[in-house]
Amino acid sequence: YAFSGCSKLERIEFEPESSHELINNKSFSYSPIRSIIIPKNVKRIESYSFEQCNELTSVTFSENSQLQFIGVSAFSYTSIESIVIPSCVKEIKSSAFYSCHKLKSLQFMEDSQLEVISENFVSSELLEHVKIPNKVKIIKENGFNDCNSLKEIELSDDSNLTTIEDCSF
């Protein structure tokens with residue numbers, strides 16, 4: 001809860017070589033930040049870290065990001081328009097991008113390590129296309145909840161997808 005609810009906090013800037021490895025639970029939730037660049041050494045973004053940051057439109061991960069984990073509802077109820085998930089991310093918990101109604105582009109970097117698309121992973125009326133990383137084995141229930149504009153789901157020839165649960169799309 002380090003900066004949760006800081007009503008005048010609009011900008012967060014880390015040094016490019018910051019040694020921070022963790023953004024803890026609700027660190028910036030309910031604050032009016034507009035954008036953030038996550039330093040490369042951050043390995044974990046815990047639950048609700050940016051929840052209800054309604055002005056947050058841009059989240060960028062530094063080149064060579066070491067991020068491995070995104071917690072429950074970490075970016076839910078934000079105004080993110082586009083996001084590229086770093087390849088080292090192994091686990092994204094439920095509702096990570098829930099009610100991100102301005103999200104138009106959700107991409108996974110090549111060689112993504114992600115194996116599970118979690119429950120209520122994303123909901124956005126503007127998302128039209130998604131390419132499922134080839135290591136993903138399971139798309140959990142309601143994975144792409146309320147993605148009413150989703151027109152294309154792309155799977156690679158070497159896809160490991162074995163299970164698509166109820167109401168995934």
Side-chain angles (χ1 to χ4, degrees), residues 21-23 25 28-29 35-54 56-169:
E21 292 186 8
L22 171 69
I23 296 177
N25 292 327
F28 301 101
S29 62
S35 66
I36 187 166
I37 298 172
I38 308 290
K40 73 176 184 179
N41 290 320
V42 170
K43 291 179 174 62
R44 295 179 66 88
I45 297 175
E46 294 293 341
S47 298
Y48 310 101
S49 295
F50 298 94
E51 179 192 37
Q52 293 283 346
C53 290
N54 298 322
L56 183 60
T57 59
S58 175
V59 175
T60 305
F61 298 98
S62 296
E63 190 173 336
N64 300 318
S65 172
Q66 297 174 25
L67 186 67
Q68 297 174 10
F69 176 86
I70 298 174
V72 173
S73 294
F75 296 99
S76 63
Y77 300 96
T78 62
S79 295
I80 296 171
E81 297 172 358
S82 174
I83 194 158
V84 178
I85 308 297
S87 59
C88 291
V89 174
K90 295 178 182 176
E91 187 174 9
I92 300 176
K93 292 294 193 177
S94 66
S95 304
F97 300 97
Y98 186 77
S99 278
C100 290
H101 296 297
K102 295 185 179 182
L103 187 64
K104 294 177 189 173
S105 176
L106 170 68
Q107 297 178 353
F108 298 90
M109 290 185 72
E110 290 295 321
D111 302 324
S112 173
Q113 301 301 306
L114 189 66
E115 293 186 5
V116 176
I117 301 285
S118 62
E119 300 90 348
N120 295 308
F121 178 74
V122 63
S123 61
S124 171
E125 295 93 10
L126 301 178
L127 188 64
E128 293 185 359
H129 172 265
V130 67
K131 181 177 180 182
I132 306 296
N134 66 337
K135 289 192 176 182
V136 168
K137 297 176 183 175
I138 300 169
I139 298 176
K140 295 274 191 164
E141 188 172 321
N142 294 315
F144 293 87
N145 186 27
D146 292 331
C147 292
N148 299 329
S149 295
L150 194 58
K151 295 177 184 175
E152 184 176 12
I153 300 153
E154 188 176 339
L155 298 169
S156 63
D157 290 339
D158 60 346
S159 173
N160 289 302
L161 186 64
T162 59
T163 306
I164 300 174
E165 292 186 357
D166 292 341
C167 303
S168 292
F169 297 95

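Side chains are part of it too, since the values below use all heavy atoms of this structure and drop only hydrogens, waters and symmetry mates. Note that this is a predicted model, so its numbers are computed, not measured.
- Screening Val116, Ile138, Val136 against Thr163 for a side chain to side chain contact (heavy atoms under 4.5 Å, CB included) leaves a single residue, Ile138.
- Side chain of Ser118 to backbone of Ile92: a donor-acceptor contact under 3.5 angstrom is found.
- Taking each heavy atom of Leu106 and Leu127 in turn, the nearest pair found is N-CD1, 3.8 Å.
- Closest approach of Ser149 to Glu125, counting heavy atoms only: OG-O, 2.5 Å.
- Electrostatic pairing of Lys104 and Glu81 does not count as a salt bridge here, judged by no charged N lying under 4.0 Å from a carboxylate O.
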Phe169 and Ile139: side chain to side chain contact (heavy atoms under 4.5 Å, CB included), yes or no, with the steps? CA-CA 9 Å; Phe169 297 95; Ile139 298 176; 3.8 Å; yes

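- Residue Phe108 comes nearest to Pro133 through the heavy atom pair CG-CG, 3.4 Å, listed as atom of the first residue, atom of the second, then distance.
- Ser94 contributes no side-chain N or O that, together with a main-chain N or O of Asn120, makes up a donor-acceptor pair within less than 3.5 Å.
- Using a distance-only test at 3.5 Å, with no hydrogens or angles considered, no donor-acceptor pair links the side chain of Ser99 to the main chain of Tyr77.
- A donor-acceptor pair under 3.5 Å links the side-chain atoms of Ser79 to the main chain of Asn54, judged by distance alone.
- Taking every heavy atom of both residues into account, Cys100 and Ser76 meet most closely at SG-CA, 4.5 Å.
- Panel note: side chain Ser168, backbone Glu165; a donor-acceptor pair is recorded below 3.5 Å.
- Remark: side-chain polar atoms of Glu154 are not paired, donor with acceptor, to backbone N or O of Lys131 under 3.5 angstrom.
- Nearest heavy-atom pair across Leu103 and Ser124 is O-OG, 2.6 Å.
- Glu46 meets the side chain to side chain contact (heavy atoms under 4.5 Å, CB included) test with Leu22, Asn24, Asn25, Arg44, Ser49, Phe69; sequence neighbours excluded.
- Remark: the backbone N or O of Val72 is paired with a side-chain donor or acceptor of Ser47 at under 3.5 angstrom.
- Taking the six-membered ring for Trp and thresholds of 30 and 60 degrees, Phe75 and Phe50 have nearly parallel ring planes, at less than 30 degrees apart.
- For Ile153, the CD1 atom sits in a packed shell: over 12 heavy atoms of surrounding residues, nucleotides or ligands are nearer than 6.0 Å.
- Glu152 contributes no side-chain N or O that, together with a main-chain N or O of Leu150, makes up a donor-acceptor pair within less than 3.5 Å.
- With rounding to the nearest 0.5 angstrom, the SG atom of Cys88 is 7.0 Å from the CD atom of Gln113.
- For residues 56-67, the set of pairs meeting the side chain to side chain donor-acceptor pair (under 3.5 Å) definition, not counting sequence neighbours, comprises Asn41-Gln66, Lys43-Gln66.
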The test is side chain to side chain contact (heavy atoms under 4.5 Å, CB included); show your working for Leu114 and Ile85 and say whether it passes. CA-CA 10 Å; Leu114 189 66; Ile85 308 297; 5.8 Å; no

